[in-house]
There are 2 protein chains.
Amino acid sequence: MRTLQETIKVHYSSLSPGQQKVAAFYIERPQEAALLTAFQIGKQVGVSETTVIRLAYALGFSGYSELQQALRKDWLLPKQDISEVLPSKDGQTNDNQLIRQVILREQAILQNLAEQIKVDDVWAMAETLIHSDRIYIGGFGSSYAAAYWLYYALKQMRGNVVISSPTGFMTEDICDLTTNSAAVIFSFPRYRQDTVQAATIAKEQGAKIIGITDRTLSPIGQLADMTFTSSENEVTDAHSIASIISLLDMLLAGMRIRDCEHIAKRQQQLEHLYAEQQLFSE
Amino acid sequence: MRTLQETIKVHYSSLSPGQQKVAAFYIERPQEAALLTAFQIGKQVGVSETTVIRLAYALGFSGYSELQQALRKDWLLPKQDISEVLPSKDGQTNDNQLIRQVILREQAILQNLAEQIKVDDVWAMAETLIHSDRIYIGGFGSSYAAAYWLYYALKQMRGNVVISSPTGFMTEDICDLTTNSAAVIFSFPRYRQDTVQAATIAKEQGAKIIGITDRTLSPIGQLADMTFTSSENEVTDAHSIASIISLLDMLLAGMRIRDCEHIAKRQQQLEHLYAEQQLFSE
DNA sequence: AACACATTGCATGTAAAACTTCAAAAGTCT
DNA sequence: AGACTTTTGAAGTTTTACATGCAATGTGTT
């Protein structure tokens with residue numbers, strides 16, 4: 001028997017009435033139980049602190065502290081299977097497996113994103129972008145790819161979107177921003193200093209700063225009004241932008257839902273112009 | 001300010017170095033932090049118990065216990081988003097589901113990629129790129145983001161890499177190609193005609209054409225010497241580039257394995273130049 | 001170099017939680 | 001009903017964790 005819950009089931013029938021009540025609490029509300037003290041749990045189920053402690057002995061633990069530790073481990077464990085996938089620095093694995101592990105890693109990061117993401121924040125950012133009179137997108141070096149993806153998608157939806165060049169920003173782009181504008185700043189390790197400068201200038205113009213970065217406490221994260229992080233609690237030196245793209249796709253989906261009339265209208269206009277240009281084949 | 005993470009972000013810049021280390025731990029591993037004692041956290045990040053406790057005061061709490069309680073509350077609350085997932089007639093909730101479906105869709109695409117990918121083809125492409133004297137990367141419109149990502153990563157590894165502008169190609173870039181060169185052409189719906197033109201010119205120069213597209217039989221797929229497809233049997237009008245990025249990451253991983261000496265050497269050179277420029281913060 | 005100031009960790013004090021003991025209450029058997 | 005066993009909680013003890021004063025160290029400034 002491995003988890004605490006399994007241990008409890010085995011011993012349950014041989015427990016005293018009071019201990020059974022406590023045991024039931026552990027099964028039904030494990031998260032709460034992991035945080036409360038023996039006294040508090042006793043109070044919750046209507047027995048004395050002593051009875052709670054005695055349950056630990058009855059289950060074969062050396063004391064209540066040990067039981068609590070076991071419970072907390074069970075709770076943290078599910079989170080750990082992601083990190084098990086990541087540092088697969090096994091020298092024995094052949095090269096083909098290394099290639100495939102790239103996908104496994106991406107999947108793990110996506111899973112983590114799905115668990116961590118706060119949908120409300122996505123909505124808030126979508127609303128901000130919809131109602132901004134002007135949007136500046138800044139992303140240099142390795143961040144430029146993701147920045148351009150956002151730029152292109154926003155351009156499909158609305159006007160007044162500008163993007164920096166991949167090599168650096170032009171002050172002229174940023175100084176057009178107003179208090180009704182938004183600046184989306186991408187910044188990933190190695191954090192470039194000019195990214196921070198661009199954000200600072202945009203902030204001086206009163207624009208809302210939306211930071212897309214890897215950690216809340218990264219240089220941009222500290223400046224930004226809203227921050228989106230790709231994989232906060234992961235330890236991955238080599239950052240992939242795949243999860244960032246997914247994040248942006250969520251944002252874009254949100255904007256399409258909230259602002260569908262305008263977007264549809266613009267789409268029509270674009271279609272018309274495309275047709276004139278004969279830009280596309282098929 | 002509501003959550004502990006937000007509180008930390010506000011105060012972060014005014015914290016002492018030691019306190020910042022502790023604060024970062026709270027952001028990066030909140031679950032673990034919620035369970036550990038002040039002493040244990042201090043041990044984890046390498047500071048004394050005292051410093052941990054002082055962080056609580058710096059953040060405006062009446063003591064460490066209060067901070068811990070706040071963190072534990074934040075942790076127990078997210079459990080409520082289960083109701084978010086459950087089907088509901090509430091319009092708002094359905095929208096939230098739509099957002100989350102973006103991730104589910106990405107995961108499905110990745111899964112598909114993992115099943116379909118031929119690792120040998122990845123190796124072949126990696127070898128081709130390593131041994132090319134010159135690499136041209138073409139990707140216009142929506143394809144440019146992925147193209148740039150590849151460009152940037154290749155630039156980190158080797159010289160003689162050029163990329164088209166997002167709006168169109170310059171014939172001069174392509175005509176420098178030789179029979180020992182490679183041209184990586186990105187093309188996704190709506191297929192732009194100039195992409196095909198660029199590929200044709202590159203082929204006339206004798207360069208190997210590597211097509212990154214959505215279907216084997218897309219315009220580029222028919223021209224290319226090797227073709228990579230993101231999601232052949234998926235029917236998704238709004239194509240995401242997340243899987244393309246994953247594909248590129250596999251390719252890049254392959255190149256790093258096969259050509260690690262050269263890459264390491266170039267990396268060192270770059271590091272040296274970066275240091276001179278002071279391009280990066282931290 | 002000398003000063004002020006901030007930061008940090010050790011040592012000690014205090015509060016709280018875990019553990020132990022013991023006697024009363026409840027249940028069981030003859 | 002009386003004796004025995006089991007169960008339980010209040011009170012006391014020990015351990016652990018939080019809190020605080022103080023000295024040592026480091027940093028920047030005049």
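Lettering of chains follows the sequences in order, A, B, ..., and the numbering in each one begins at 1.
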Q | Gap between atoms NZ and P, on A:K21 and D:dG9 respectively (whole Å) | A | 8 Å
**Q.** Distance, rounded to the nearest Å, where A:I53 contributes CD1 and D:dT7 contributes P
**A.** 17 Å
Q. For B:F39, does the CZ atom sit with more than 12 other heavy atoms under 6.0 Å from it, leaving out its own atoms?
A. no
Q. Between A:R192 and A:D194, is there a side-chain N and carboxylate O pair less than 4.0 Å apart?
A. yes
Q.
I'd like to know whether NZ of B:K9 has more than 12 heavy-atom contacts from other residues, nucleotides or ligands below 6.0 angstrom.
A. yes
Q) A:L35 CG to C:dA17 C1': how many Å, rounded? A) 15 Å
Q | N or O in side chain of A:Y57 less than 4.0 angstrom from C:dC19 OP1/OP2 | A | no
**Q.** Side-chain N,O (A:S65) to OP1/OP2 (C:dC19) below 4.0 Å
**A.** yes
Q: In whole angstrom, give the distance that lies between atom CG of A:L15 and atom P of D:dT8.
A: 10 Å
Q) Going by number, which of residues 36-52 of chain A have a non-hydrogen atom under 4.0 Å from DNA chain D? A) A:V47, A:S48, A:T50, A:T51
Q) With nearest nucleotides of DNA chain D determined for B:R54 and B:Q68 from heavy-atom distances, which residue corresponds to the more 5′ nucleotide? A) B:Q68
Q: Nearest whole angstrom, please: distance from the P of C:dT8 to the CD of B:Q20.
A: 9 Å
Q: Classify the side-chain pair A:D173/A:S164 by whether it contains a donor and acceptor separated by less than 3.5 Å.
A: no
Q: Take the protein atom CD of A:Q19 and the nucleotide atom P of D:dT8, then report the distance between them rounded to whole Å.
A: 6 Å
Q. Between the main-chain N or O of B:L59 and the side-chain N or O of B:Q19, is there a donor-acceptor pair closer than 3.5 Å?
A. no
(Q) For the CG atom of A:D249 and the CD1 atom of B:I103, what is their distance to the nearest 0.5 Å? (A) 10.0 Å
**Q.** Nucleotide D:dT16, atom P - distance to CD of A:Q69 in whole Å
**A.** 11 Å
